[in-house]
Structures are given as structure tokens and as C-alpha cells.
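Report on the structure given below.
Note on naming: letters A, B, ... go to the chains in the order of the sequence lines (proteins, then strands), and numbering restarts at 1 for each one.
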Amino acid sequence: MKKKLFCIFLFGSSLNAWWDATTSKKPLILNPSGDAQYTGRIIGKEFERTLTYTFAQKVQESLAEQLDMNVLLTRSNLESRSQRECAHFANCLQAQFFIQITFFQATTNDIEWYIYYYSQGTDFMRLQPGFTFLPVEHADILHKAETCMWAQKLAQFFKTAPSHQAGIVQGPFGLPLTSLKGIVPPAICIEIGLPTQYNVQDLASLLVKAIEQLPFAEAQNT
Amino acid sequence: MKIKTYFGLFCSTFLFGILLFAYFEGWITIKLPRYILSPAQADHTENTSKITLAYWTSAEWKTEQTHILRSSEIEETIEHIVNALLCTLYESHLLKKPVKINTVMISTGQNELFISFDRNPFLKEASIFAKWMLIESILKTLKANDIKIPLVRFLVNQEPLEDQHLDMASSWPITGFLL
């Protein structure tokens with residue numbers, strides 16, 4: 001009797017875990033550049049870490065409101081975390097998409113958008129069937145096609161957006177970026193060049209609109 | 001032992017201790033005589049030759065011709081080429097600080113080139129794109145001057161070049177990342 005009860009309990013708990021995994025929303029992870037130890041660049045009179053965090057919070061709120069999306073930030077306002085921790089966070093949660101956000105002071109009066117994805121110059125590499133050991137710097141190849149396609153879609157959206165909103169758009173470029181190393185889910189880095197006058201809310205709204213175009217967001221919307 | 005011997009021993013060890021302390025603190029340096037190669041022993045020759053420098057400025061690639069001393073040793077030639085590029089970039093105000101090459105080394109398999117700068121060439125405030133274009137300028141210049149080593153690794157004072165954005169821990173292909 002005890003054995004039967006134990007088997008039923010085991011079956012029930014595994015069914016529950018499977019149900020949770022299939023129905024729960026995979027998160028979109030936003031990684032604002034900088035932390036308690038690294039202030040980032042100086043933009044106007046503020047540090048990059050403060051601006052990226054404010055921006056990420058606005059994007060998170062908008063996406064949660066408009067698309068009922070599960071959006072997570074990798075850090076709170078003045079918290080420290082390493083790049084490895086962020087990558088581990090994204091991999092463990094099996095994130096839908098990982099976006100690294102960085103800012104810099106633009107030299108022109110236009111907003112500049114640069115889109116990057118991770119590349120080691122080994123884009124010709126393909127996964128072999130069966131079990132294979134994959135070095136951490138090649139984790140990107142698992143979702144390479146999706147990453148490139150989504151980065152292209154975002155860039156296309158910004159390029160077609162009104163010039164007063166988007167400004168100059170460059171990319172997507174494949175580069176060995178420290179912040180995207182070892183991340184298995186599709187991951188990109190958006191670097192925004194801020195002129196002397198800008199509105200963080202407008203920038204956040206534009207990024208939210210761009211994310212809405214992506215297949216996973218569209219599917220969630222319908 | 002006499003008191004004089006004790007006193008002498010005390011003084012000499014005390015003096016030796018002071019000297020040793022000063023040496024380890026870097027207050028004094030000891031310079032050993034060096035062997036200087038006579039011109040007859042040096043088997044490398046140098047002659048001037050024309051090289052092409054490529055760099056990114058005002059949203060386009062620019063090329064420029066200049067003369068350097070081309071040595072029979074490839075490391076020395078590479079050092080001259082990259083220094084000429086860095087000098088041009090500094091003079092054109094594309095580099096905010098003067099940067100030079102410390103050392104150039106080639107791996108034994110001749111497939112990896114190590115370039116060591118005397119300081120970090122990247123500005124903290126620079127964008128990823130600006131940093132990338134600086135690296136691409138070096139790679140493009142090397143390629144334009146028939147340097148056929150496939151991988152290049154960048155160092156600062158013989159230590160890995162650390163950057164918050166670009167992963168400089170691994171080697172960069174000489175072809176760069178521009179499509």
C-alpha cells in the first residue's frame with residue numbers, strides 16, 4: 001500500500017513539474033549595464049548604471065502592462081553581479097530573450113542605436129547530432145539562427161521608425177562581447193548613444209514597440 | 001668573542017638589512033652589466049618601405065601611405081606598422097592619448113600574433129563601435145601589409161587587455177568581424 005501511495009505521489013509531482021514547465025511564461029531578461037561596483041560611462045551629469053536601470057524598469061513596466069510579459073531585470077538598483085551570474089541566470093530560467101542595454105554619450109545630436117549579437121568568428125559551426133560538449137564561448141550557436149533573425153527584425157524596425165525617434169541605426173553586428181558570453185537563449189546587446197537632450201520614456205516606448213514585432217511577443221499577444 | 005666583533009657583526013647585518021629593504025621597496029636598483037651585440041653579430045637588416053594604413057574616420061574607411069623601416073624580423077616590422085598607425089590616429093585626434101606598442105610576439109606555430117600596448121588604447125567613455133573600429137583598423141592595416149598570421153591577441157604590458165564590453169581574452173581573426 002505504502003509503495004503504491006509513494007508511486008502515485010512521485011507520478012503526481014512529476015506531472016505537476018511538467019505542467020508548470022510547459023505552461024509557465026518563459027521570461028524576457030533585461031540586463032542594464034553597470035552595477036554597484038561599475039558605474040559605467042558618464043552621460044551628461046549621470047552615470048550609465050542609473051540611466052540603464054531607469055530605462056530597463058520602464059521597458060519592464062510597459063511590456064508587463066501591454067503584453068502581460070514576464071520581464072526580469074538582472075539586478076536591482078545598486079546591486080553587484082558578474083557577467084557569469086547573468087549568463088547563468090538566463091540559462092537556468094531558459095529565457096525567451098536576453099537583452100543587454102548599454103548607453104554612451106553620442107557625439108551628434110541624433111540618438112544612435114547599435115545592435116550586436118555574440119559571435120566568435122565561428123558562425124560556420126553547427127551542432128552535431130547527439131550529445132556534444134560545447135565550450136562556454138560557443139553557447140550562442142544553440143540559438144544562432146533565432147538570434148540573428150530577431151536582431152535583424154529589431155534593426156529593421158528601428159530603421160523604418162521616424163528619424164526623430166530612432167535617429168541613426170547600425171547593425172546588427174556579430175562581435176565577441178563580454179556581456180553576451182555563455183548565454184544559451186537568443187541574446188543581443190543594444191547600445192544607445194544619447195544626445196544632450198533625450199527622453200528616456202520615448203526610447204523605452206520605441207524598444208517596447210520593437211519587441212512587440214518579435215515572433216514570441218506576437219504569439220503571446222494572440 | 002670580543003665586543004668589537006659583536007659590534008662589527010651588528011653593524012654589517014644592520015647595513016645589509018637596510019640595503020635589502022631599500023632594494024625590495026624599489027628605492028635602489030641594481031643594474032647588471034649587459035651584453036651588447038656588436039654590429040657584426042646582429043643578423044637583421046632594415047630598409048625603408050612603403051606601407052598602407054587603414055582606419056575608420058567620419059563613417060568611412062580611409063587609407064594612407066607612409067614609409068617605415070622594414071626589418072628582416074617580422075615582429076619588428078609589425079611593431080613599426082602598428083606604431084605608424086597609432087601615431088597617425090593620435091595625430092588625427094582619433095586616439096585621445098598616445099599609445100605605443102611594447103612588444104610583438106609570434107607563437108611558435110606561427111598562427112597567433114601577440115600585440116602588447118603600453119597602455120589601454122580604449123577610452124572608458126568610448127562606444128563599443130568606436131572600440132571595435134580601432135581594433136578593425138589595426139587588423140585591416142596588418143592585412144593590407146601582407147601579414148598572414150590568422151589570429152591576433154591584444155595585450156597591455158604583456159597582460160590581457162581588459163575591457164568591459166569587448167571580449168579581448170580570446171584572439172581576434174585577422175579578417176576581423178566586418179562582413
A/Q105 (side chain) donor-acceptor with B/E125 (main chain) under 3.5 angstrom: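 No.
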
Under 3.5 Å: donor-acceptor pair, side chain of B/S127, backbone of A/F104: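 It does not hold such a pair.
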
How many angstroms lie between atom [atom1] of [X] and atom [atom2] of [Y], to the nearest 0.5 angstrom?
{"X": "B/I128", "Y": "A/Y116", "atom1": "CD1", "atom2": "OH", "result": "5.5 Å"}
{"X": "B/M168", "Y": "A/T178", "atom1": "CE", "atom2": "OG1", "result": "9.0 Å"}
{"X": "B/F177", "Y": "A/Q120", "atom1": "CZ", "atom2": "CD", "result": "6.0 Å"}
{"X": "B/H165", "Y": "A/T102", "atom1": "NE2", "atom2": "OG1", "result": "5.5 Å"}

Taking [atom1] in [X] as the centre, count heavy atoms belonging to other residues, nucleotides or ligands within less than 6.0 Å. Is the count above 12?
{"X": "B/Q65", "atom1": "CD", "answer": "yes"}
{"X": "A/N109", "atom1": "CG", "answer": "no"}
{"X": "A/Y198", "atom1": "OH", "answer": "yes"}
{"X": "B/R119", "atom1": "CZ", "answer": "yes"}
{"X": "A/K159", "atom1": "NZ", "answer": "yes"}
{"X": "B/E162", "atom1": "CD", "answer": "no"}
{"X": "B/K50", "atom1": "NZ", "answer": "no"}
{"X": "B/Q158", "atom1": "CD", "answer": "yes"}

Aromatic plane relationship, B/F129 with A/F173 - under 30° parallel, 30 to 60° tilted, over 60° perpendicular: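 Aromatic pair A/F173/B/F129 classed tilted.
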
Part of B/S170 lying under 4.5 Å from any heavy atom of chain A: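 Answer is side chain: those atoms of B/S170 sit under 4.5 Å from chain A.
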
B/K124 vs A/T39, side chain to side chain contact (heavy atoms under 4.5 Å, CB included): CA-CA, chis, key distance, verdict: CA-CA 11 Å; B/K124 196 190 162 199; A/T39 58; 3.7 Å; yes

Check: B/K131 and A/L175 side chains under 4.5 Å, non-hydrogen atoms: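 Heavy-atom side-chain distance check fails, nothing below 4.5 Å.
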
Which portion of A/T108 sits near chain B, non-hydrogen atoms under 4.5 angstrom: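 Neither part, no heavy atoms under 4.5 Å.
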
Stepwise side chain to side chain contact (heavy atoms under 4.5 Å, CB included) test for A/L177 and B/L166: CA-CA 5 Å; A/L177 294 180; B/L166 290 176; 3.8 Å; yes

